[in-house]
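Letters go in sequence order (proteins before strands), and every chain restarts at 1. Worth knowing before you read on, the calculation uses all heavy atoms, side chains too, and leaves out hydrogens, waters and symmetry mates. Treat the numbers as computed from the prediction; the structure is a model and nothing was measured.
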Number of protein chains: 2
Amino acid sequence: MEWVYIKDLKGYIDQEVELRGWVRRKRSSGKILFIEMRDGTGFVQVVAEKSTIGDENFESADKLRLESSFIVKGKVRKDERAPSGVEILATEIIPVQIPQEDFPIQKPDHSIEYLMEHRHLWLRAKRQFHILRIRDAVIKAIRKFYWERDFVQIDTPIFTGAIGETAGNLFEVDYFDYGKVYLAQTGQLYLEAACMALGKVFNLGPTFRAEKSKTRRHLIEFWMNEAEVAYYEHEDNVRLQEDLVYYIVQYVLNNVYDDLVAIGRDVSKLEKVQKPFPRMTYTEAVNFLQKQGFDIKWGDDFGGDEETVLAKQFDSPLFVTHYPRQAKAFYMQPDPENPQVVLCDDLLAPEGYGEIVGASQRIHDYDLMVERLKEHNLPVEKYDWYLDLRNFGSVPHSGFGLGVERTIAWIAGLEHIREAIPFARTLYRVHP
Amino acid sequence: MEWVYIKDLKGYIDQEVELRGWVRRKRSSGKILFIEMRDGTGFVQVVAEKSTIGDENFESADKLRLESSFIVKGKVRKDERAPSGVEILATEIIPVQIPQEDFPIQKPDHSIEYLMEHRHLWLRAKRQFHILRIRDAVIKAIRKFYWERDFVQIDTPIFTGAIGETAGNLFEVDYFDYGKVYLAQTGQLYLEAACMALGKVFNLGPTFRAEKSKTRRHLIEFWMNEAEVAYYEHEDNVRLQEDLVYYIVQYVLNNVYDDLVAIGRDVSKLEKVQKPFPRMTYTEAVNFLQKQGFDIKWGDDFGGDEETVLAKQFDSPLFVTHYPRQAKAFYMQPDPENPQVVLCDDLLAPEGYGEIVGASQRIHDYDLMVERLKEHNLPVEKYDWYLDLRNFGSVPHSGFGLGVERTIAWIAGLEHIREAIPFARTLYRVHP
Ligand SMILES: [Mg+2]
Ligand SMILES: [Mg+2]
C-alpha cells in the first residue's frame, strides 16, 4: 500500500492508501471514530467503523488524543462536502505515539507570551501552518522574479567590519585574534562590488539590528532581500521595485489563495493592487501631512503613524521619493535638479503596514562619496574597498532592500511581525 | 536605441544596440580599436574604426584602459569565430569613468593573500565570474529540487541558546539584558520541530563555526542546506540525499556547462556520476583502510586523507553508513540490528573533496533521548522544547545537512573552498 500525502489524495479516489500524520481533532460515537488528520500538507477526515477495523483496533484507536501520531490505512472516498474533497474509510489505524500529557496548546485564549514560549508546538496550529506556507510562497516569488530576469544571487557576508549605514545598533562578535567584528545590517556595499562584476545581483538572507525596538514591525533578526544593478538610475530602480512587489502579490494570489482565505485575509485588498503604484515626493508628503494636522516640518523623517496615513490614501503600495539628504544614508545620489534631496524612495505598504522597501541610486563619484563620509563623521579609511568601486570603472548604479517579514505581514494581514517568521527573535526572546 | 545585455546579443543580429559595461582588454592600431567588453552577463569584442566614429570620439575612446567603464552604441554583426558568436561595430563610444591608477589585478601571479585583499575587484576576473555563476546554479538546483517535491522552506534562527551538536566552537553574542546567545551551527533542531508541522522542510542559510581550522575545506562562515522529513527512516533519507546530489550535478551540466568548461573543469568527471551511489558501512570502510595500510581502528572518525582514499575508488559520491555511536552526535537513532552503530551516513564526494553531507535518522523515543543527552554530558534542561517533540506525537524522522561551498568546490573543481563564496571569512580574514 502506497504512502500518500493528504494534498495528493484527490488523485487516489477509490484506492487503498496509507497516510501518516497526527490527530487534529477526534470524536467517537462508541461504534464509529471521526479523526481529523493532519500530515503537514493538509487536513482530511478519517472515518473508522468498529465493524470494519475490528474491536481490538477500534479500542486502541480510541486512545488517540490531540497531537497523537498515527498511521491509517484505508480507502479514499469522494466527499464533496469536505474541504479536502475526500474522506478516508479506515481499514486499520496504527497509533505511533500517544502523549501522556495534554497538548499544551488547546485553548483559544492562550497569551501571546505563552504561545511564543511554545512556538515549537504552536507551529502545528492551523493558522501557523497557513502563514508558514504564505511565507514560503513570498520567498519563492522573490527568487523566481530574479531568476526570470537573470540576476545572479550573491550571498553577502554576515561577519563584517564596522561599515554599514550606521555605526550604532550593531551586534559585536569576538573573532579569534582579529578582534571585534559585527553582524551585517545590510549586504548593500558587497552587492555594489558584485554588480560591477555580474551586472544584476541580489541576496536574500538574515540581517541583525541591535535595536531596542518593541513595535509590531521590528524583529532583532529578520530576513532581507537586497538587489543592486549596475547602470540603473533612480527611475529604473523604482520600476524594478514596483515589478517585484507586484509580482509577489500576483504569485501569492495564484499559489496560496486558499491559505490566505483560511486565515481570514481579505483577499480583495490584494486583488486591488495595480501597476503603476502611486508616487509622492517627500515634499508633497510633508505638505499632505501638515494639512492632515500632523506636527511635521520639512527635514523630519516619517514615523509609523505618518506612514500609515500616507499609505492609506491608496489601494496599492505608495512610493515616497526624493527625501532630504540629511534624513537619509550617506551613499545616496543627490538629485541634480535639487541637491537638497536625494534620488531615493521608500515603498509604503497599504493598510497601515508601513515601509517595506528602502531604495536609492548610489553616489558613484569618488570625491562626492569622500565628502559625504566626512559629513557623516564616518571613518573614511574603513571604506577603502568601497571607495575603490568609485576608482575603477565607476558607473551609476542603484538598489534597494525589501524587508521579508514586513512584506509577509502585509500580504497575510498579520497584526504582528513575529508570526511572519518561524522562530522570532525579539527584545526579550531567543527561546525556543 | 535599446540597452541590451551581451548574453542576449544573438537575438539582435544586424540591429543597432547600446551596451553598457567595462573594458576587459584593449588594443589599438591607430586607426582601429579592439575592445573586449564585459557587462556582467558575458564578453564581446567591440570594433571601433576611426573612419566610422570620427577623430574626436576615437581619441577619447583610445583613453579607455583596463576596467574603465563605458557605453557603446553600434551594430551587432555575426562572427562565427567569436566565442559570443557576434561582434559590435561601434558607431559611438561613450567613456563613463577612466581609472587614474592601474587596475590592481593585472598579473597572472598575484599571491592569494593579495587577491583576497582585493576580493571586491577580483570578482571581476573571468574565472571568478564563472565560479559565481556556478555557485548561483548550484543554489538554484537545491531550491528547485525541494520546490518540485513540495518541501516548505523554514528559515531557522541564527541567534540560539547553547544547544546544537557540540558545546564548543560557538560564537557568542551579548543579547541585551538576556545575556549570551550563540550563532547557530545548525538549524536541525528547529527543522525537527517544523517537520512535525509541515511534513517536509528545508533551510538554506549561513552557518558559523568558531573552529581554528585552516584547511582548504573550512570556512568560518559558510552556507548550509538542511532538510528534515517526518516519518522518513534511514533508507528514505539516503535516497533523498542521492536524488538531491544527482539533481545538482545534472542541473549544472544542463545550465552552466560553458562556465565549467571556461574554468577548465574536466566535465567528464561530473558526467560519470550515476545513481545509485556506491555504499559502504563504516565497518567495511575501516577494513578497507586497514588493508590500504592506514593506522585506524574501529571507533575512530575519518580524517581528510581517509575520506579521500575511500571516495577515490568511485566515480560517484560514496555513502559511508552506520558509524559507531560514540563517533557521532547524541541524537542519532541506534541501528536495531546492532545498537553499537547508528542509522547515519556521510556522503563523500569523489576526487578528494571529502564529506559534503552528514545525515541521520533521529532518536524519536523520549527516554532514549534523555539517556543520550546525559551520556554526552549535555544540559538536559536546555533541551526542554527539543524533548517536547518526543512527548507530543513523536514520529520517526530523518534529515541531513549539505555543505554548500564544499559541494560547489567539488562541482567546479576548486582547489580551495574560499573561491566558492563571494566574500570568504577565514581564520585571519574578514576584509573586504
Ligand atoms: Mg523610513
Ligand atoms: Mg566526518
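- Taken to the nearest 0.5 Å, the CG atom of B:Leu198 stands 8.5 Å off from the CZ atom of A:Arg38.
- Nearest heavy-atom pair, B:Arg124 versus A:Phe392, reported as atom, atom and distance to 0.1 Å: NH1-O, 2.8 Å.
- Looking at A:Glu221, its side chain does come within 3.5 Å of a backbone N or O of B:Phe159 through a donor-acceptor pair.
- Contact count against chain B (heavy-atom pairs under 4.5 Å) is highest for A:Arg143 among A:Arg143, A:His364, A:Gln153, A:His431.
- Contacts with chain B were tallied for A:Leu66, A:Asp39, A:Ile139; A:Ile139 has the most, counting heavy-atom pairs under 4.5 Å.
- When each of B:Pro99, B:Pro95, B:Gly199, B:Gly205 is checked for heavy-atom pairs under 4.5 Å with chain A, B:Pro99 comes out on top.
- Top candidate by heavy-atom pairs under 4.5 Å with chain A, chosen from B:Asp365, B:Ile220, B:Leu204, B:Leu183, is B:Ile220.
- Heavy-atom minimum distance, B:Asn391 versus A:Gln97: O-NE2, 3.2 Å.
- Residue A:Asp102 touches chain B through its backbone alone, counting heavy-atom pairs closer than 4.5 Å.
- For the options B:Phe103, B:Tyr175, B:Phe129, heavy-atom pairs under 4.5 Å to chain A are most numerous at B:Tyr175.
- Panel note: side chain A:Trp22, backbone B:Met196; no donor-acceptor pair is recorded below 3.5 Å.
- Neither the backbone nor the side chain of B:Val404 comes within less than 4.5 Å of any heavy atom of chain A.
- Heavy-atom distances place the backbone of A:Phe151, and not its side chain, under 4.5 Å from chain B.
- Per-residue counts of heavy-atom pairs under 4.5 Å with chain B were compared for A:Pro157, A:Ala230, A:Ala193; the largest is that of A:Pro157.
- Just one of A:Arg119, A:His120, A:His118 meets the side-chain contact (heavy atoms from CB on, under 4.5 Å) condition when paired with B:Trp385; it is A:His120.
- Among B:Phe171, B:Trp147, B:Trp223, the residue with the largest count of heavy-atom pairs under 4.5 Å with chain A is B:Trp147.
- Listed here is the closest heavy atom pair of B:Val96 and A:Ser394: CG1-O, 3.6 Å.
- Contact count versus chain A (heavy atoms, under 4.5 Å) is highest, among B:Glu172, B:Lys200, B:Arg390, for B:Lys200.
- Separation of atoms CG (B:Leu123) and SG (A:Cys195) is listed at 11.0 Å; rounding is to 0.5 Å.
- Ranked by non-hydrogen atom pairs under 4.5 Å with chain B, the options A:Asp174, A:Asp177, A:Ile421, A:Asp388 are led by A:Asp388.
- Interface residue A:Pro206: only side-chain heavy atoms are found under 4.5 Å from chain B.
- For the pair B:Val152 and A:Leu132, the tightest heavy-atom approach, listed with the atom from each and the gap, is CG1-O, 4.1 Å.
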Run B:Trp3 and A:Tyr231 through side-chain contact (heavy atoms from CB on, under 4.5 Å) and show every step you take. CA-CA 10 Å; B:Trp3 172 22; A:Tyr231 283 107; 3.8 Å; yes

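- For the set A:Thr156, A:Thr41, A:Ile158, A:Leu64, the entry with the most heavy-atom pairs within less than 4.5 Å of chain B is A:Ile158.
- Each of A:Arg135, A:Gln100, A:Arg133 has some count of heavy-atom pairs under 4.5 Å with chain B, and the biggest count is that of A:Arg135.
- Listed for the B:Ser69 side chain is no donor-acceptor partner under 3.5 Å among the backbone atoms of A:Val395.
- For B:Glu101, the parts lying near chain A are the backbone and the side chain together; criterion is any non-hydrogen pair under 4.5 Å.
- For the options B:Phe423, B:Phe208, B:Tyr5, heavy-atom pairs under 4.5 Å to chain A are most numerous at B:Phe423.
- Using a 4.5 Å cut-off between heavy atoms, B:Lys7 contacts chain A through its side chain alone, with no backbone atom that close.
- When all heavy atoms of B:Arg425 and A:Tyr190 are compared, the closest pair comes out as NH2-OH, 3.4 Å.
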